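For reference, the structure discussed in these notes is given below.
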Amino acid sequence: MSERFPRIAPETMSDKQREVAAEISAGPRGEVKGPFIALLHNPELAGCLQKVGEHLRFGTGMPGEVIELAILITARAWDCQYEWVAHRRIAANTTSLGAEIMDAVARNERPVSMTDELQDVYDFCIEAQRLGAPSAEAYERVEQRYGKRGVLDLLAICGYYALLAMVLNTAEPPLPDGMEPPLKPLRAGAPG
């Protein structure tokens, strides 16, 4: 993973680390990867977060495009190269989220060719990331579409992936296959 949070060998894991690693591996993720390599250094935290993440990725009932767009907006907001690469790949392979939309988000530009649903999600997530809360208009559109439960799930996706972005940015994992960072940093001193 990185020098800061190296992968823990199974034979050196504590009982709690083994328990959490087994929970993660038995769930939809299938293995300990990404931010959970670092988070396993705090198994109590990793156990709580993996349950939240499992709900947000796999249990909201929202379309995959919606979830991945929210994650990509968050990765872009936090200049998180690793999160961006991982979720762009997921979005490209498992959703109908188009490359032109993802490319615009990468450039920190509003995509021009989005469905009404994706426009609602985009506005809500951009405002949540940039302003700390969506505007009344963005809130109302998402509430009409998904209800209060959906509003909270979408806010939680933004917050959860912001936390994972900070973990990943701190852990500094290498990108796959020696890939160059795809995002131009927005923040002064940002990784990448």
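The structure presented is a predicted model; accordingly, all values stated were derived computationally and were not measured.
Taking 4.5 Å as the limit, every side-chain heavy atom of Pro134 sits out of range of all side-chain heavy atoms of Val142. No side-chain heavy atom of Gln119 sits under 4.5 Å from any side-chain heavy atom of Thr115. Residues Ser25 and Val32 form a side-chain contact, since some pair of their non-hydrogen atoms from C-beta on lies under 4.5 Å apart. You'll find the side chain of Pro63 stays beyond 4.5 Å of the side chain of Thr95, heavy atoms only. At a threshold of 4.5 Å between non-hydrogen side-chain atoms, the residues Asp153 and His55 count as touching. Between Arg57 and His87, the closest side-chain pair of non-hydrogen atoms falls below 4.5 Å.
Across every non-hydrogen atom of Arg141 and Asp120, the tightest pair is NE-OD1, 2.6 Å. Phe58 and Pro28 make their closest contact through CD1-CG, 3.4 Å (heavy atoms, listed as atom of the first residue, atom of the second, distance). A pairwise comparison of heavy atoms in Ala128 and Leu155 identifies CB-CD2, 4.2 Å as the closest pair. Minimum heavy-atom separation, Ile101 to Ser113: CD1-O, 3.4 Å. Annotation for Val20 and Leu40: closest pair CG1-CD1, 3.9 Å, computed over non-hydrogen atoms. Nearest approach of Met62 to Gly150, heavy atoms of both residues: CE-O, 3.2 Å.
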| task | Walk me through it: do Leu154 and Ile67 pass the test side-chain contact (heavy atoms from CB on, under 4.5 Å)? | result | CA-CA 8 Å; Leu154 203 50; Ile67 293 166; over 6 Å; no
Under the side-chain contact (heavy atoms from CB on, under 4.5 Å) criterion, do Asp123 and Arg110 qualify, and how do the steps go? CA-CA 9 Å; Asp123 293 342; Arg110 181 182 177 80; 2.3 Å; yes
(Q) Assess the residue pair Leu72 and Leu97 against the criterion (side-chain contact (heavy atoms from CB on, under 4.5 Å)); give the C-alpha distance rounded to whole Å, side-chain angles, the decisive distance to 0.1 Å, and a yes or no. (A) CA-CA 11 Å; Leu72 290 173; Leu97 198 60; 4.1 Å; yes
For side chain to side chain donor-acceptor pair (under 3.5 Å), just list the numbers for Gln129 and Tyr161, CA-CA rounded to whole Å, side-chain angles, deciding distance to a tenth of an Å, and then say yes or no. CA-CA 11 Å; Gln129 291 293 346; Tyr161 282 93; over 6 Å; no
TODO: Before giving the answer on side-chain contact (heavy atoms from CB on, under 4.5 Å), spell out for Tyr146 and Val151 the whole-Å C-alpha distance, their side-chain angles and the decisive distance to 0.1 Å.
DONE: CA-CA 7 Å; Tyr146 304 118; Val151 166; over 6 Å; no
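Here Leu69 contributes atom CG and Phe124 contributes atom CZ; the two are 12.5 Å apart, rounded to the nearest 0.5 Å. Atom CG of Leu164 sits about 10.0 Å away from atom OG1 of Thr74, to the nearest 0.5 Å. The CZ atom of Arg145 lies 6.5 Å from the CG atom of Asp116; values are rounded to the nearest 0.5 Å. Distance check, rounded to the nearest 0.5 Å: CZ of Arg89 to CD of Glu68 gives 13.0 Å. Atoms SG and CG, on Cys80 and Leu183 in that order, are 8.5 Å from each other to the nearest 0.5 Å. Once rounded to the nearest 0.5 Å, the distance linking CD1 of Ile73 with CH2 of Trp84 reads 9.0 Å.
Annotation for Glu44: atom CD counts as buried by contact number, over 12 foreign heavy atoms lying within 6.0 Å.
Ion pairing between a basic and an acidic side chain is recognised when a charged N comes within 4.0 Å of a carboxylate O; Lys148 and Glu143 show such pairing. Salt bridge annotation for Lys184-Asp79: absent, with no cationic side-chain nitrogen under 4.0 angstrom from a carboxylate oxygen. Residues Glu23 and Arg29 are not paired through a salt bridge, judged by the lack of any N-O separation under 4.0 Å between the basic side chain and the carboxylate.
Residue Ile24 is tested with Gln50, Lys51, Glu54 for a side chain to side chain contact (heavy atoms under 4.5 Å, CB included); the sole match is Gln50.
In the model, Trp78 has no side-chain atom that pairs as donor or acceptor with a side-chain atom of Glu83 under 3.5 Å. Side-chain atoms of Glu127 and Tyr122 form no donor-acceptor pair, as typed in the model, at a separation below 3.5 Å.
Using a distance-only test at 3.5 Å, with no hydrogens or angles considered, no donor-acceptor pair links the side chain of Glu65 to the main chain of Leu118. Between the side chain of Arg18 and the main chain of Pro10, a donor-acceptor pair closer than 3.5 Å is present. Side-chain atoms of His41 come within 3.5 Å of backbone atoms of Pro6 as a donor-acceptor pair (strictly under, hydrogens ignored). Distance alone, capped at 3.5 Å, places no donor-acceptor pair between the Arg4 side chain and the Glu172 backbone. A donor-acceptor pair under 3.5 Å is formed between the side chain of Gln17 and the backbone N or O of Ser14.
Listed by chain and number, the residues in a side chain to side chain contact (heavy atoms under 4.5 Å, CB included) with Thr94 are Ile90 (sequence neighbours excluded).
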